[in-house]
Amino acid sequence: MYMKWSRYFLPTSKEPPKDAEIISHKLMCRAGMIDKLSSGVYTYLPLGYKVLRKVEGIVREEMNRTGAVELLMPSLQPASLWKESKRLDEMGEEMIRFTDRHRRLMLFGPTHEEVITDIVRRYINSWKQLPITLYQIQTKFRDEMRPRFGIVRAREFLMKDAYSFDRDEKGLEVSYGKMKDAYKRIFARCGLDFSIQQADSGVIGGKFSEEFVAKGECPELEVGHIFKLGTKYSETMKAFFVDADGKEKPAVMGCYGIGVSRIVAAIIEGNYDKKGIIWPLSVAPFLVLVIPVNPEDTTIINTAEKIHSDLESNGIEVLLDDRDISAGMKFSDGDLIGIPLWVVIGKKFIEKGKVEMKIRKEDRFFEIEPENITQWISEYIKREGK
RNA sequence: CGGGGCGUGGCUCAGCCUGGUUUAGAGCGCCUGGUUCGGGACCAGGAGGUCGGUGGUUCAAAUCCACUCGCCCCGACCA
């Protein structure tokens, strides 16, 4: 749809809020992407939500490509399930709990091994149904002792969690390998520079885990963590299947998490300059920013609107900065929110019928005829790879 | 959870130590009019806070004391 800045909701600011420490947090606040409601609890404003959805889309595509199947589990869970897995006390205060009106202890899921194992034990009975990997993209709740760095360590955040079930260890190796490959593709597509490290499995348990750590100044990061769980949950929760030899065996599990909201921060940590964010094409909230320098000049504004609708009809997401403010402010805001390509319509259009393109990441302008814009952009996308 | 810090218009902050000319200020933002319009313009006018909350000390509290709530930082912890 036609998107004009004046009709959008994009509150940028010159100053970062006092409590922002790391660059991604500062920029997300200044670029009008997020708003803090409470410690570790954030609203994704339209621009931030758009980026979040882009990342989510990449994660979903790559999960589906491996043959994993998406479902959606509830955030609300009965504590009884966690008693069964013996993790109720282990997770402790980090789990947000409450007693419902029937005096039943409930909790907001910090992770979903229990729920998925419960589903699988009731529906998967035969080796013929294996292997299977199920995943969801969902809001998780963790009452962090100390929320930090904006959305990097939040108490409510978006996570993709996948769970694989195999007949045996060999199968787990295959499922695990597929996920690991998918993770590499996901982070690469998001423009993240990352490393893989062996890690402590913590409360999740299992015998082996690796974490994906995004490079940057931020001391956190970890953006993904994959585990070979083995039969920890399937045995304690009795998720058995009948194998080809007629014997009952526990499913061999793996689980695979990605902090979707954390990826957004990690992308910024690795893609910014003094002026603001520089979105990789793959996750940019808009691909093109159209700037009519003087919106009172009808020739300029008409041209801007025409370019805008031409691009839109070619399936390119465009934001038109139709605000009645100085050009300098538009440029500053444009740099801040990091839209990859700009089309600037100003005096050069009046003088010689040319507009200017700016490539954000190169911080470079060049002239172009208005009728060539769409083609140039299509080629640029192809060249840069989206 | 231990240690430290901070809460004053939408945002960033000054004032607090040495209570009383402060009808509580500034910058940014916002509104109106005008001049501007290629890198966060300028002039003039204007709106907006009772100083996180409660209680106390005092003739008098944004300023002192106590409690409380919220937020941030360091540490420990962290799929």
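No experiment lies behind these values; they were computed from the predicted model shown.
If you take atom P in C69(B) and the same atom in U23(B), they sit 35 Å apart, rounded to whole Å.
Note: CD (Q197(A)) to P (C78(B)) measures 16 Å, nearest angstrom. Going from atom CZ of R148(A) over to atom C1' of A76(B) covers 10 Å, rounded to whole Å. For the pair K26(A) NZ and U12(B) P, the computed distance is 13 Å after rounding to whole Å. G10(B) atom C1' lies 12 Å from atom CG of D35(A), rounded to whole Å. Counting to the nearest Å, the P atom of C77(B) and the CD atom of E90(A) are 16 Å from each other.
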With B for base contact, S for sugar-phosphate-only contact and - for none (protein heavy atoms under 4.0 Å), nucleotides 37-42 of chain B reads BBBBS-

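Which of C73(B), A76(B), C71(B) sits closest to the side chain of E21(A) comes down to C73(B).
Put simply, R146(A) has no side-chain N or O that comes within less than 4.0 Å of OP1 or OP2 on C78(B).
For the contact set between residues 105-114 of chain A and RNA chain B, defined by any heavy atom under 4.0 Å, the members are P110(A).
Among the atoms of the strands shown, only primed sugar atoms or phosphate atoms (P, OP1, OP2) are found under 4.0 Å from some heavy atom of S38(A).
Ring orientation note: the planes of F187(A) and F212(A) are tilted relative to one another, at an angle of 30° to 60°.
Summarising the local packing, CZ of R7(A) is surrounded by 12 or fewer heavy atoms from other residues, nucleotides or ligands at distances under 6.0 Å. Counting heavy-atom neighbours within 6.0 Å of E362(A) CD, excluding the residue itself, gives a total above 12.
A salt bridge (Lys or Arg N to Asp or Glu O under 4.0 Å) with R121(A) holds for exactly one of E248(A), E235(A), E114(A), E84(A); it is E84(A).
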